[in-house]
Amino acid sequence: MPLAFCGSENDSAAYKVDQGVLNNGCFVDALNVVPHVFLFFITFPILFIGWGSQSEKVHIHHSTWLHFPGHNLRWILTFMLLFVLVCEIAEGVLSDGVADSRHLHLYMPAGMAFLAAITSVVYYHNIETSNFPKLLIALLIYWTLAFITKTIKFVKFYDNAIGFSQLRFCLTGLLVILYGMLLTVEINVIRVRRYVFFKTPKEVKPPEDLQDLGVRFLQPFVNLLSKGTYWWMNAFIKTAHKKPIDLKAIGKLPIAMRARTNYLRLREAFEAQKGKGSRYSQGSRAIWFALSHAFGRRLVLSSTFRILADFLGFAGPLCIFGIVNHLGKENGVFQPKTKFLGVYFVSSEEFLANAYVLAVLLFLALLLQRTFLQASYYVAIETGINLRGAIQTKIYNKIMHLSTSNLSMGEMTAGQICNLVAIDTNQLMWFFFLCPNLWAMPAQIIVGVILLYYLLGVSALIGAAVIIVLAPIQYFVATKLSQAQRSTLEYSNERLKKTNEMLRGIKLLKLYAWENIFRAQVEMTRRKEMTSLKAFAVYTSISIFMNTAIPIAAVLIPLKVVNRKRPSRDDCRNFMGHLQKPGPDEEPDDSCVRITGGFFTWTSDGVPTLSNIAIRIPQGQLTMIVGQVGCGKSSLLLATLGEMQKISGEISWNRKRGPVAYASQKPWLLNATVEENITFESPFNKQRYKAVIDACSLQPDIDILPHGDQTQIGERGINLSGGQRQRISVARALYQHTNVVFLDDPFSALDIHLSDHLMQAGILELLREDKRTVVLVTHKLQYLPHADWIIAMKDGTIQREGTLKDIQMSESQLFEQWKTLMNRQDQELEKETVVTERKNMEVPKGLPRAMSSRDGLLLDEEEEEEDMAESEEEDNLSSLLHQRAKIPWQACAKYLSTAGVLLLPLLFFSQLLKHIVLVAIDYCLANWTDSALALGPTTRNCSLSQDCSFDHRVYAMVFTALCSLGIVLCLITSVTVEWTGLKVAKRLHRSLLNQIILAPMRFFETTPLGSILNRFSSDCNTIDQHIPSTLECLSRSTMLCVSALAVISYVTPVFLIALLPLAIVCYFIQKYFRVASRDLQQLDDSTQLPLLSHFSETMEGLTTIRAFRYEALFQQKLLKYTDSNNIASLFLTAANRWLEVRMEYIGACVVLIAAVASITKSLHKELPAGLVGLGLTYALMVSNYLNWMVRNLADMEIQMGAVKRIHGLLKTESENYEGLLAPSLIPKNWPVQGKIQIQNLSVRYDSSLKPVLNHVNAHISPGQKIGICGRTGSGKSSFSLAFFRMVDMFEGRIVIDDIDISKLPLQTLRSRLSIILQDPILFSGTIRFNLDPEKKCSDNTLWEALEIAQLKLVVKALPGGLDAIVTEGGENFSQGQRQLFCLARAFVRKTSIFIMDEATASIDMATENILQKVVMTAFADRTVVTIAHRVHTILNADLVIVMKRGAILEYDKPEVLLSRPDSVFASFVRADK
């Protein structure tokens, strides 16, 4: 066919210019080409020569990016322009389709205009990113020319009586408007920026965020196209494939998204709410109003995008209906009838009746719909993340003002606050994400029903009726699902609490052989949790079944969310309402602090803990507070700091209260290096740091740490001993440059040498000589002569205050009592002795004390091995990258194999059959429709005598059978998936619990508690609730995707040719996405841990932080951690949107190809219209299936990590609980006598470590009292642990009552001995449970044990007596009282061998002396081994063992050793006097 710009017909009107050239249609079209040619000639040199030549050499960084005025409007108008131009091209092609020759002028100018529009936006983008507005003059000229030429064309159409009935007239009018608006935008840029026609152009700098090169999250700053398609993420995703993503790679958050900015916005909203004087200024409604005020606008934007997407979603079915309708007609060829200016014109109806046009419109509608949908998701999640950051900051600021009593009395636990931060804030975030569903779903249903009614008539109303009938069922299922999830969460919290206590007290459980008791407790709670999980699984199965069998059941989601939100909101409201701490009064006075008439309590309505307090603390002097256990010494310090609730009285500080360096009784350490814990945010001063390290005797300990003082201390200092934790805590107080220092019992966990050195070099030299006010709480009465002022306490009141001389004069009886306890004659001589001996002492460098608890020090060898292993793993980057790209099929196989042989095939075949049946249902329906339509025209004119009715019965029967089978299979698959998940969850948790409880103590020393607890919490939760649903979604989306592609390929086999490149693109997109997604997911999780850790750290050290006045510093840290977590979440969200947009676009391409191929085939009478509809319906869903498949694959990879980690722990080697002796050969009451023979014993903590005891020999007769002493790290504790086989006895043996303990079953051995540990451990429950969890003893026995431990009066005073509640960790008792409870627990067992491992460290000397006497009398017939810090406690022992470097240095009666002048024991005693 001949080709010409104006056509080549002989009588063509295109070449006639009788009425002037402007009345010639072809000339006007040619004139319209001029602006586009001008733009190409002007912009191409600049684009290709200017930026093109520099692109390789100069990278335009985002620090120059700037949005000109009307940026977004320009992009929107350009997109609209492109759409109208596509329609103009299509209209031109259709109009020209019936002519004898081709008229290029009908579509060529529109094609050039399309290219020019793209060029204009590319040109504009380059000018904008380089901030060079003068070059925009070219666009100003272009828009002007385009507007003029298009207006001429529109006017000429109007003159020739071409009106709105012709599509070309409408399109030209729209183009005039669009070009005019773009011209207006360009003029506005000149007006605002003044870059031409003005003498002084306006200088504008890019936003502050973009000036900071550390900001890499560019979504708010990129252009509209990049925002919609997440194009800016391409470079990031590619980089992620080359190297792992870390915090440095994701950079900082933009200012508008930072937690501080959003917190201030939320605070303003709260204040505005209060300012209005609304009746909802308090409680949950106030929170909702403030949230909507602060973040509502973004939510409205998200909802707008969602509604637009939903309405565009209806374009798909309507276009398919139009295509099928067009192809169903007898003559599908289009014939335009109207002719103007020598060419044919198409009406709108004719244009929209064309199948190819509908295919293109379907493609464009899909692109736009998916873009709007992803934009809605992104805006909602971004708003949710910003909201989460603001709420977390608000909660943290609230914590900073919480009263200590709220925490200590269990009103608000660390666990509750961690749940509030980790779970409830996340639920609020997801609520915001799902919020648009609340109004989008009803709108979708209403519009859907209206459209169906329009297409199907009354049948559609039946469908609407089904929705209405099913709504209550859906609501019921959603409510039950929510209730089941809530109860599961409650049981899960209870199980975790018990597991946490079990793991924290694992050493005690093993020593007392109580593992099975606590395991049974955890298993009992787990059984309740599993019952709840079964209910959850049942309702989840019903939900999945309804989603598959009745697609409309998707409306469950928003109902479910609304239901689940109430607890979180109530928690927030309750939390916000908690009592705030009272601030101390601050009035000037002569003393540093003065309290007059003070009554203080821990609870607002409780009895005063401290009564009638009237004290003064002198300025610049050393004040000591002494008294018995539980008399209120620590409470007095906290009352002075304003931590207790004041009933009456007055606290006056000399000047305004500044920071106080405070070392609490229970050491509080940061999860940071040793140096950072000591300097504690203060500037580093090398000289002072060295002096403090020396004063606290920390250098030997630092020397044996793997990285010296740069070693990271774990949670709560778990890789340090009690004494080391205490000394670092004291070192922090000594290092600070504060005028006031409060030290709460700093000597409790230290031996006599360390205590003396700390007192002399630390408190007396470093602090008192600097004239600092020091308040020291202590039980070590031998230090009283050093005090300038003494406060003696008794039963919550002040017994006496004054100097030692004052008390000697006025309270001679009290002084004599002290003197007896002090056991000192010549104070000055003794001080010199201590100092001299301290200098002569050998420092055992490189000899770590291998602790046997989790608090044990990690040894160099083990750390080095771990470091080597890590470096070997991480050295080869390419190997690492290969591992990151692989899917964890092995973990998946382990998970599925745990389910068992029966469930696995059932799971696979039910899924396969279900999807075959679903495809068969659709195929049957398409066939049925085609058969009915095929008979239609031929039977239209039959007479009544002819049988011209179509027999629907066969099709109806087959269709009903297939639907019934499909519904049954849906139910089977959903139940099978959930049942598989439950079975695996049950088996894995049981195996994990059994394996962990039987693991050797060494495992707990070298594995952080948090790491083990994470396996029981987050990993078990993932296996319980997430993996089953992910597995179901993955298998369903994969099967649906395969079946959709199979149907399309069957309908149009030519589609397979196009499928290959699409599959390749798809493969690379998912490959790159999975790696980035996994890294970002792990980063999201790993950045949440420091955030939660910071919350729990703050809760534990709240008094210390407030004493130091470091609230602002810790709030800054929180903002940093919150921002780190939020930036990871935002990048993860952007990555998910990046994937989904690309998959949606690929899906749209699939639809376009399938549509064009099937339309072409159908027009050639090779394909029935019904099958075209079937193919296109499946094609529409491909993008969704692809998305879910890749997303679920990425989720499964991450979730399978939980299975992998748990299987890693299941490989842990257990202790050998079996014995060589049969139970019948072990005497029932063994050991009866308590005779111990230690023969050539060598002990180590692990086969890879050096021995901690070397060739030890000893003989202990029945009933003897043995005292063991020695320096830190000498092997005292290892000696005691050897009796319980807690360490590896690789040489020699211990024989008790003629039985070698290595031949006994572990449970038997440990249950027949008793030990009291240095660190007191109490479990939540009752006092009865803590003393006798085996429930073997009578009440009389328990009261007797409490009387021996000096606790009978304390317990009797408690409500419930023996059944009085013990809070978590025994926090409602003082440290000393906890130690006494542990003593009572050991007395209850009444075994013939009794070991005390530094058991009286936290007890005052008076109580200790009473205990020693009681032990000697109550256990006169038992063998008692005492490991002592205070050497005077073992002076009455029958035998004393002095240890050094794992060997026995001295072994004799105490009087014999004291008589030797060179005896080490004698030197210890002299130092302890």
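None of these values were measured; they are calculated from a predicted model.
- A donor atom on one side chain and an acceptor atom on the other are not found under 3.5 Å apart for Glu382 and Thr1133.
- Every side chain to side chain donor-acceptor pair (under 3.5 Å) that Ser532 has, sequence neighbours left out, goes to Ser487, Thr488.
- What you find for Ala1128 and Leu1080 is that their closest heavy atoms are O-CD2, 4.5 Å.
- Residues meeting the ring-ring contact (aromatic ring centres under 6.0 Å, His included) test with Phe1095, sequence neighbours left out: Tyr396.
- Inspection of the Gln1199 and Thr1030 side chains reveals an N or O donor paired with an N or O acceptor under 3.5 Å.
- With sequence neighbours excluded, the residues that form a side chain to side chain donor-acceptor pair (under 3.5 Å) with Asn994 are Arg519.
- For Asp1019, the salt bridge (Lys or Arg N to Asp or Glu O under 4.0 Å) partners at least two apart in sequence or on another chain are Arg1015, Arg1205.
- A ring-ring contact (aromatic ring centres under 6.0 Å, His included) check over residues 483-504, counting only residues at least two apart or in different chains, returns nothing.
- The aromatic rings of Phe1131 and Phe217 lie perpendicular to each other, with more than 60° between the two planes, well past the 30° mark.
- For His1207, the ring-ring contact (aromatic ring centres under 6.0 Å, His included) test picks out no residue, with sequence neighbours left out.
- Partners of Thr499 under the side chain to side chain donor-acceptor pair (under 3.5 Å) rule, at least two apart in sequence or in another chain, do not exist in this structure.
- Side-chain contact, Ser302 with Ser376: a donor N or O sits under 3.5 Å from an acceptor N or O.
- Every residue meeting the side-chain contact (heavy atoms from CB on, under 4.5 Å) condition with Ala375, not counting sequence neighbours, appears here in chain and number order: Phe305.
- With sequence neighbours excluded, the residues that form a ring-ring contact (aromatic ring centres under 6.0 Å, His included) with Phe1016 are His989.
- At a threshold of 4.5 Å between non-hydrogen side-chain atoms, the residues Leu1083 and Ile1127 do not count as touching.
- Ser1035 pairs by the side chain to side chain donor-acceptor pair (under 3.5 Å) definition with Gln911, not counting sequence neighbours.
- Side-chain contact between Gln1088 and Leu1092 is present, with heavy atoms from C-beta onward closer than 4.5 Å.
- Using a cut-off of 4.0 Å between Lys/Arg side-chain N and Asp/Glu carboxylate O, Glu501 and Lys498 are scored as not salt-bridged.
- Considering only residues two or more places apart in sequence or on other chains, Tyr377 meets the ring-ring contact (aromatic ring centres under 6.0 Å, His included) condition with Phe433.
- Residues passing the side-chain contact (heavy atoms from CB on, under 4.5 Å) test with Glu490 are Arg486, sequence neighbours excluded.
- In the model, Asn1192 has no side-chain atom that pairs as donor or acceptor with a side-chain atom of Arg1036 under 3.5 Å.
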